[in-house]
Amino acid sequence: MTKKPRIRYQRRPGTTGGKLPWNDWRNASTWRKVVQFTLLAINLYIGITFYYWVRYYETGGATLYLPRPGGIEGWLPIAGLMNLKYTLETGSFPVIHAASMFLLVSFIIISLLLKKAFCSWMCPIGTISEYTGKIGQKLFRYQNQIDLPKWLDIPLKGLKYLLLAFFLYIALSMPAQMIQYFMMSPYGIIIDVKMLDFFRYISGVTLVSVIVLVVISLFIRNAWCRYLCPYGALLGLFSLFSPVKIRRDVESCIDCGKCAKNCPSRIPVDKLIKVRTVECTGCMTCVESCPVSSTLNFSLQVPRKKRQVPLSGVIMLVLTLGMLFSAIGVAAYFGVWDSPVPDNYWFHIIPNARMIGH
């Protein structure tokens with residue numbers, strides 16, 4: 001068996017050796033952190049603001065009033081699916097929780113274009129899961145997190161698809177007219193408040209489950225995202241159609257295996273020419289791990305020209321945030337970003353939220 005010729009190569013940023021002159025501009029991990037922590041900060045703001053908004057109506061106007069943040073709709077993916085079906089069937093926007101649909105559509109479009117970039121670049125739960133694992137590495141001083149054997153890993157990955165099938169059945173089994181009735185019912189109007197109450201008055205079983213999941217995430221990288229997240233499962237299916245993929249240049253590859261070793265999704269990147277799997281989140285960790293410049297790229301294949309257009313970290317920042325805020329702008333332009341519910345109705349329904357649906 002002949003050995004590959006020895007290749008002189010230029011090291012990538014973040015590896016030992018010299019730095020490329022465009023190091024800061026193309027440092028994907030830095031730009032990904034910017035997006036991650038920006039979205040995490042926005043979601044914290046949304047959560048705190050929404051809490052004060054609910055408390056204002058619970059106390060009959062005796063506490064601080066903050067306007068309801070439309071971004072809370074991003075936490076209502078089932079409502080988004082139901083409203084998407086309603087819009088496709090009727091050709092008109094829903095009256096209640098239309099913002100959830102626009103946010104869901106933006107995440108789907110991101111997945112269609114940029115693989116599951118929403119999961120690794122934008123999702124606050126994904127960010128918390130990722131950094132929980134990093135905290136575990138520092139606390140317990142291990143180099144690599146636990147990798148489950150394939151006979152266990154593969155069936156566990158199927159759990160998120162079972163959960164996805166269950167939620168899709170709930171969201172899509174109803175006809176458009178029934179979806180409208182549900183959304184305009186007292187329960188449908190305050191499903192965001194019900195979600196807040198789920199966390200405010202969390203049950204003992206749910207709390208224990210969350211604690212167990214956090215502990216597991218200290219040792220198994222991205223445990224929630226890998227095995228249980230139905231949202232990620234849905235976006236992964238759409239990502240199969242993405243024209244942008246991780247591509248490996250076989251000629252310049254030195255078979256060091258660093259790309260596969262550092263991949264959060266355990267994809268054998270070093271054995272593939274093109275990464276097509278639904279597990280790829282477009283995080284570009286493998287690209288930065290590669291010591292040989294231009295051997296791995298997160299790139300778009302230009303049809304008929306046989307030319308690849310690599311995407312850098314800053315381009316990913318512009319595209320992901322650009323598509324998200326464009327969807328918000330479109331919803332605001334059509335006047336459906338906020339649900340048209342009068343104040344007097346909120347004063348009546350929010351104090352009784354816990355009794356609705358029981």
Side-chain angles (χ1 to χ4, degrees), residues 28-29 32-33 35-36 39-40 43 75 77 107-108 110-111 114-140 142-168 206 208-240 242 245-246 257-272 275-289 298 316 320:
S29 61
R32 190 164 72 90
K33 287 176 186 176
V35 178
Q36 283 181 312
L39 269 295
L40 185 61
N43 276 275
W75 293 87
F107 303 150
I108 290 174
I110 288 169
S111 300
L114 304 172
K115 299 294 288 182
K116 285 200 302 182
F118 169 79
C119 298
S120 62
W121 287 72
M122 306 175 76
C123 178
I125 301 300
T127 300
I128 292 170
S129 180
E130 177 180 337
Y131 282 90
T132 298
K134 291 181 179 181
I135 290 170
Q137 284 182 294
K138 290 185 178 181
L139 284 177
F140 302 103
Y142 55 81
Q143 186 174 0
N144 295 311
Q145 290 184 294
I146 296 172
D147 285 337
L148 298 181
K150 285 187 177 180
W151 61 265
L152 182 57
D153 179 64
I154 293 174
L156 285 177
K157 282 194 292 189
L159 290 176
K160 62 189 176 188
Y161 293 101
L162 291 176
L163 290 170
L164 173 62
F166 172 71
F167 289 123
L168 284 177
T206 304
V208 170
S209 300
V210 170
I211 292 172
V212 169
L213 184 60
V214 170
V215 172
I216 291 173
S217 298
L218 291 170
F219 301 97
I220 299 177
R221 183 184 287 180
N222 297 344
W224 163 258
C225 309
R226 187 170 180 79
Y227 301 121
L228 293 171
C229 181
Y231 212 162
L234 174 67
L235 298 181
L237 295 177
F238 283 105
S239 76
L240 286 172
S242 173
K245 293 177 176 63
I246 296 292
K258 289 182 178 179
C259 53
K261 181 181 178 182
N262 290 294
C263 175
S265 300
R266 294 179 58 194
I267 300 169
V269 183
D270 57 333
K271 302 293 191 295
L272 303 171
V275 177
R276 293 186 173 92
T277 174
V278 295
E279 297 300 320
C280 178
T281 63
C283 66
M284 300 174 70
T285 302
C286 61
V287 176
E288 285 200 323
S289 300
F298 189 49
M316 287 292 289
T320 52

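Everything numeric in this text was worked out from a predicted model, so none of it was measured.
Remark: of the listed residues Arg276, Lys116, Lys115, Lys115 is the sole one forming a side-chain contact (heavy atoms from CB on, under 4.5 Å) with Ser242. With Ile246 as the fixed residue, the side-chain contact (heavy atoms from CB on, under 4.5 Å) test singles out one of Cys283, Cys259, Cys286: Cys286.
Summarising the geometry of Phe298 relative to Val287, their closest heavy-atom pair is N-CG2, 4.0 Å, with the distance given to 0.1 Å. Listed here is the closest heavy atom pair of Ala260 and Pro268: CB-CA, 4.1 Å. Across all non-hydrogen atoms, the minimal contact from Val35 to Met122 is CG1-CG, 4.1 Å. Thr132 and Val214 get closest at one heavy-atom pair: CG2-O, 3.8 Å. Of all heavy-atom pairs spanning Thr277 and Ile267, the tightest one is CG2-CD1, 3.5 Å. Scanning both residues, Gly236 and Val278, for their nearest heavy atoms gives O-CG1, 3.3 Å.
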**OP:** Let me see the working for Arg226 and Asp153 under side chain to side chain contact (heavy atoms under 4.5 Å, CB included), right down to the final yes or no.
**Re:** CA-CA 9 Å; Arg226 187 170 180 79; Asp153 179 64; 2.9 Å; yes
**OP:** Decide side chain to side chain contact (heavy atoms under 4.5 Å, CB included) for Thr320 and Leu39; before the verdict, give the C-alpha distance in whole Å, the side-chain angles of both, and the deciding distance to 0.1 Å.
**Re:** CA-CA 11 Å; Thr320 52; Leu39 269 295; over 6 Å; no
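To the nearest 0.5 angstrom, Leu234 atom CG is 12.5 Å from Leu163 atom CG. Distance CG/Leu164 to CG/Leu159: 12.5 Å, rounded to 0.5 Å. Separation of atoms CD1 (Ile110) and OG (Ser239) is listed at 13.0 Å; rounding is to 0.5 Å. Interatomic distance, CD of Glu279 versus SG of Cys119, reported as 9.5 Å (0.5 Å rounding). Ile211 CD1 to Thr206 OG1: the interatomic distance, rounded to the nearest 0.5 Å, is 11.0 Å. Note that CG of Asn222 is 9.5 Å distant from OG1 of Thr127, once rounded to the nearest 0.5 Å.
With respect to the salt-bridge test (charged N to carboxylate O, under 4.0 angstrom), the residues Glu130 and Arg32 qualify.
Between the Ser111 side chain and the Phe107 main chain, a donor and an acceptor come within less than 3.5 Å of each other. A donor-acceptor distance shorter than 3.5 angstrom exists from the side chain of Trp121 to the backbone of Gly282, with no hydrogens or angles considered.
Two rings, from Phe140 and Phe219, have their centers less than 6.0 Å apart.
Atom NZ of Lys134 has more than 12 neighbouring heavy atoms from other residues, nucleotides or ligands inside a 6.0 Å radius. With a 6.0 Å radius and a threshold of 12 heavy atoms from other residues, nucleotides or ligands, Tyr227 has its OH atom above the threshold.
A heavy-atom distance below 4.5 Å is not found between the side chains of Ile125 and Cys229.
Relative orientation of the Tyr231 and Phe118 rings is tilted, given thresholds of 30° and 60° on the angle between their planes.
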